[in-house]
Number of protein chains: 2
Amino acid sequence: MTTTALKARKEFGKTLASDIAHRLRNEIVTCRLKPNESLKFDALRLSFGASFTTLREALTSLAAEGLVVTEEQRGYKVAPVTLEDLADLTHARILIEVDLLRRSIEKGDDDWEIRVISSLHRLARIEERAPEDYANNAEWKAAHRQFHEALVSASGSPTLLAMRNALFDRAERYRNLSAMFRPRPRDKAGEHRALMQAAIGRNADQACDLIRSHIQTTSDNVAKYAADVIGAT
Amino acid sequence: MTTTALKARKEFGKTLASDIAHRLRNEIVTCRLKPNESLKFDALRLSFGASFTTLREALTSLAAEGLVVTEEQRGYKVAPVTLEDLADLTHARILIEVDLLRRSIEKGDDDWEIRVISSLHRLARIEERAPEDYANNAEWKAAHRQFHEALVSASGSPTLLAMRNALFDRAERYRNLSAMFRPRPRDKAGEHRALMQAAIGRNADQACDLIRSHIQTTSDNVAKYAADVIGAT
DNA sequence: ATGAGCAATATTTTCGAAAATACTTGCTTC
DNA sequence: GAAGCAAGTATTTTCGAAAATATTGCTCAT
């Protein structure tokens, strides 16, 4: 990243602070900002071109999401990655995602079915086009996120959905971390298709089992391939 | 609240912003700041004696907890109360709290048992001393919170515990709201005792049933007594 | 050498002014 | 009289300087 100060301009959110939070979140999830790295205001001000207080506001939201931690009076740092945290996170994700999926399958209407089918279709197309390294592909990541989001989108639980989204980001950071050290990504296309079919077929128990093992297996793989770089404690 | 500007000084947290967040949270949960009330910076600055940016940081955390909502460029307001929100909240609380309780019962050690027993004891003492209106008593509320916190304190899931705490605050606001209109509080002493006994007796299924219906019944009562003041949409 | 105390430096935290944006009021036109 | 516009006011959002706090590096006594 260049060291010349930039004059930040909004691209995404309506306020600069939310925009910065969005960009910072991305830097952290993709591990361009490394776990445990300390987030000094002078440096951030240079990279993001915003003032102390605006950055502070952005960091406050990220701390609430769990991507950043703060020791009061001693600044902020990127949240550490540990096997304990990964296990904690995985447990929480399964609990919440299974509940959301079950209720989505119960309540989902035609539009929901269409969202599920079309987001899977898009995902499959991207995988066809770049069968080698799609897991490092930002487009694939966005489509992957959208497919999983579509599955739970009819649950009608804003509170749990917001929590799910924060957890998804935290998990994606671990996925990206393990992708750096993994010889070749597991093929998830079959799992995604089965998940879609169970959901659309309103086979709730089966779909919940699938999502549970989908999340758990991903987590296990991360633990396996990234164990070296992930702090044990 | 007096209209003379105060020079804020820290009482609680290490930074002023976290201190203000703490005080604001309390004002909102106790409904001294009413649902939907718009939170103007000039007014807040007067009451809390902090500057724009410090207040903004505090509001950002409260927004993440769901006690405050923001429409970008149009400021902050106290989160509305609705029957939908109450139902959403209750569902999320049951899902998370049941999971935490079950795992607490599985893992809890001697210290956990002591925390559960002693916090219930304190609660019972307070109820004895003020059998009439203990539900409006700040001391009782703190003890009540601590008892429920003790129950789940051995679960070892920081992520879900943090979520649980935020949900507890949101729920307490609804409880306080209904307490204003309710002739007489339901007697929860028996439920609390049964909960303690099931937990200490390591009877996980029974304890989970009890906590589930404890939360659900409380929510139903709130809906019943506060329906008038709670927006239907 | 080692650690305590203190000065110098680095960093975070807080402030109030200035810029940007939204809202209101009163006027004009149809 | 209603709709649209414009100027003025209210409010939020952003900034960089100043205050508070933490960290580092040095001196000196043991």
Side-chain angles (χ1 to χ4, degrees), chain A residues 1 3-25 28 33-34 36-64 67-80, chain B residues 1 3-25 28 33-34 36-64 67-80:
Chain A
M1 188 161 290
T3 60
T4 64
L6 349 147
K7 206 55 160 191
R9 206 50 250 142
K10 302 176 204 177
E11 300 164 6
F12 167 73
K14 283 200 82 182
T15 74
L16 182 56
S18 64
D19 195 45
I20 302 263
H22 191 251
R23 287 162 56 195
L24 254 172
R25 182 183 300 113
I28 293 173
L33 285 171
K34 298 203 183 61
N36 264 310
E37 184 169 344
S38 96
L39 299 166
K40 301 258 171 59
F41 281 98
D42 280 338
L44 294 176
R45 204 147 59 99
L46 223 53
S47 328
F48 291 93
S51 79
F52 294 111
T53 38
T54 305
L55 286 164
R56 182 162 258 273
E57 189 184 328
L59 288 172
T60 301
S61 349
L62 293 177
L67 286 173
V68 151
V69 295
T70 169
E71 276 180 285
E72 306 209 316
Q73 310 288 25
R74 307 225 257 133
Y76 293 84
K77 65 173 187 178
V78 179
Chain B
M1 190 160 292
T3 61
T4 62
L6 350 146
K7 206 50 159 196
R9 207 51 248 142
K10 301 176 204 174
E11 300 165 5
F12 167 72
K14 282 201 82 181
T15 75
L16 181 56
S18 64
D19 195 45
I20 302 264
H22 191 252
R23 286 161 56 194
L24 254 172
R25 182 184 300 114
I28 293 173
L33 286 171
K34 298 203 183 63
N36 264 311
E37 183 170 345
S38 96
L39 298 165
K40 301 259 169 60
F41 282 97
D42 281 338
L44 294 175
R45 204 147 60 98
L46 224 53
S47 328
F48 290 93
S51 80
F52 294 110
T53 38
T54 304
L55 286 164
R56 181 162 257 273
E57 189 184 328
L59 289 171
T60 301
S61 353
L62 293 177
L67 286 173
V68 151
V69 295
T70 169
E71 274 181 285
E72 306 208 317
Q73 310 288 25
R74 307 224 258 132
Y76 293 85
K77 65 174 186 176
V78 179

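Chain letters run A, B, ... following the sequence lines, proteins first, then strands; residues in each count from 1. FYI, side chains are in, hydrogens and waters are out, and symmetry mates aren't considered; it's all heavy atoms of this structure.
- Atom C1' of nucleotide D:dA20 and atom CG of B:Asp19 are separated by 16 Å, given to the nearest angstrom.
- Phosphate proximity of D:dA22 to B:Lys14: present, with a side-chain N or O under 4.0 Å from OP1 or OP2.
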Is there any protein nitrogen or oxygen under 3.5 Å from a nitrogen or oxygen in nucleotides 10-12 of chain D, and what are the pairs?
| unit_1 | atom_1 | unit_2 | atom_2 | d |
| --- | --- | --- | --- | --- |
| D:dT12 | OP2 | B:Phe41 | N | 3.0 |

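- In this structure, B:Lys77 atom NZ and C:dA22 atom C1' are separated by 16 Å, rounded to whole Å.
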Side chain to side chain contact (heavy atoms under 4.5 Å, CB included) assessment of B:Arg56 paired with B:Tyr76
CA-CA 9 Å; B:Arg56 181 162 257 273; B:Tyr76 293 85; 4.0 Å; yes
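- Between B:Phe48 atom CZ and C:dT14 atom C1' the separation is 17 Å, expressed in whole Å.
- For B:Ala63, the side chain to side chain contact (heavy atoms under 4.5 Å, CB included) partners are B:Val68, not counting sequence neighbours.
- Checked against side chain to side chain contact (heavy atoms under 4.5 Å, CB included), A:Thr54 has the following partners two or more places apart in sequence or in another chain: A:Leu16, A:Ala17, A:Ala50, A:Ser51.
- At C:dC15, one or more side-chain N or O atoms of B:Thr54 fall inside 4.0 Å of OP1 or OP2 (strictly under the cut-off).
- Atom-to-atom, CZ of A:Arg45 to P of C:dT11 comes out at 12 Å; the value is rounded to the nearest Å.
- Contacts of A:Ala64 classified as side chain to side chain contact (heavy atoms under 4.5 Å, CB included), with partners at least two apart in sequence or in another chain: B:Ala64.
- Counting to the nearest Å, the P atom of C:dT11 and the CD atom of A:Glu37 are 14 Å from each other.
- Qualifying side chain to side chain contact (heavy atoms under 4.5 Å, CB included) partners for A:Phe52, counting only residues two or more places apart in sequence or in other chains: A:Phe41, A:Asp42, A:Arg45.
- Among residues two or more places apart in sequence or in another chain, the side chain to side chain donor-acceptor pair (under 3.5 Å) test is passed with A:Thr60 by none.
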